[in-house]
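Heads up, the thing below is written out as structure tokens.
All of these numbers come straight from a predicted model, not from anything done at the bench.
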Amino acid sequence: MLKEFLSSLLHYFVNITTAVLLVTAIYLTISGQQMDSVILWEILLSGFITALPSALLVCLDVKSGRILLLLWLAHFLLIFFLTLWMVDFFGWYKITALSALLTFLGVVFIYLFTCIVHYIVDMKHAALMNQQLKRRYHEK
């Protein structure tokens with residue numbers, strides 16, 4: 001369980017941080033603002049903070065599809081509100097209705113990016129495992 005958690009934490013941290021850097025680069029390019037070097041550390045910290053609940057959720061063994069869907073919805077909302085809190089805490093920008101909407105869209109992008117990356121990686125792992133199983137059982 002600990003190994004699975006740490007592995008998930010690392011994967012989510014890398015994927016989330018990459019997606020946050022993409023969103024930040026797009027935002028800074030559109031707004032024309034310059035980036036202070038401290039924001040890189042804040043992005044790393046925000047990636048870690050949002051990776052923690054993601055890694056925890058993956059480790060849960062939920063049998064019910066309905067409960068799993070509710071957990072993912074709660075997870076998404078937690079990530080969104082954590083992100084809003086970090087926006088305010090780090091002073092990245094003033095929270096208004098428009099900025100909250102843009103933050104929501106950013107979180108949706110990051111969420112989808114992370115899910116797609118994990119899906120692709122998981123499919124490659126499954127294909128590799130199936131190939132190894134076929135090779136193992138066809139050799140006997």
Checking Leu10 now: which residues fulfil side-chain contact (heavy atoms from CB on, under 4.5 Å) with it, not counting sequence neighbours? Val14

Can you confirm whether Leu6 sits close enough to Leu2 that some side-chain heavy atom of one is under 4.5 Å from a side-chain heavy atom of the other? yes

Look at the side-chain heavy atoms of Ile, Leu, Val, Met, Phe, Trp and Tyr, link any pair under 4.5 Å apart, and say whether Leu28 and Val107 land in one connected group. yes

Spatial distance of atom CG (Leu78) from atom CG (Leu57) [nearest 0.5 Å]: 10.0 Å

Hey, does Thr83 have a side-chain heavy atom less than 4.5 Å from the side chain of Ser46? no

From CD1 (Ile49) to CD1 (Ile16), nearest 0.5 Å: 11.0 Å

Indicate yes or no: at least one non-hydrogen side-chain atom of Cys115 is less than 4.5 angstrom from one of Tyr111. yes

Are more than 12 heavy atoms from other residues, nucleotides or ligands located less than 6.0 Å from atom CZ of Phe48? no

Determine whether Leu68 and Leu70 fall in the same hydrophobic cluster, where Ile, Leu, Val, Met, Phe, Trp and Tyr are linked whenever their side-chain heavy atoms lie under 4.5 Å apart. no

Heavy-atom side-chain proximity of Tyr27 to Tyr93 below 4.5 angstrom: yes

Ser64 meets the side-chain contact (heavy atoms from CB on, under 4.5 Å) criterion, sequence neighbours left out, with Arg66, Ile67

Has the side chain of Ser99 got a donor or acceptor atom that lies under 3.5 Å from a matching backbone atom of Thr96? yes

Answer yes or no: does atom CZ of Phe89 have more than 12 heavy-atom neighbours from other residues, nucleotides or ligands under 6.0 Å? no

Ring centroids only, cut at 6.0 angstrom: are His75 and Phe80 within range, meaning strictly under it? no

Determine whether Trp72 and Ile116 fall in the same hydrophobic cluster, where Ile, Leu, Val, Met, Phe, Trp and Tyr are linked whenever their side-chain heavy atoms lie under 4.5 Å apart. no

Joint hydrophobic cluster, Phe113 plus Val20, side-chain heavy atoms closer than 4.5 Å: yes

Between CG of Leu9 and CD of Glu4, what distance do you get to the nearest 0.5 Å? 12.0 Å

To the closest 0.5 Å, what do you measure between CG (Leu102) and CD1 (Ile30)? 9.0 Å

Tyr12 and Thr50: side-chain donor and acceptor closer than 3.5 Å? no

Straight-line distance of Ile110 CD1 to Thr103 OG1, nearest 0.5 Å: 9.5 Å

Would you say the ring centers of Phe81 and Phe104 fall short of 6.0 Å from each other? no

Is the shortest heavy-atom distance from the side chain of Asn15 to the side chain of Ser54 under 4.5 Å? no

Within this structure, what is the CG-CD distance for the pair Leu128 and Gln131, rounded to the nearest 0.5 Å? 6.0 Å

Listed pairs under 3.5 Å, donor-acceptor, residues 38-45 side chains, sequence neighbours left out:
from, atom 1, to, atom 2, distance (Å)
Glu42, OE1, Trp92, NE1, 2.6

Any idea which heavy atoms bring Leu82 and Pro53 closest together, and the distance? CD1-CG, 4.3 Å

Taking the side chain from Ser7 and the backbone from Lys3, do they hold a donor-acceptor pair closer than 3.5 Å? no

Does Val117 belong to the same Ile/Leu/Val/Met/Phe/Trp/Tyr cluster as Val23, with side-chain heavy atoms less than 4.5 Å apart forming each link? yes

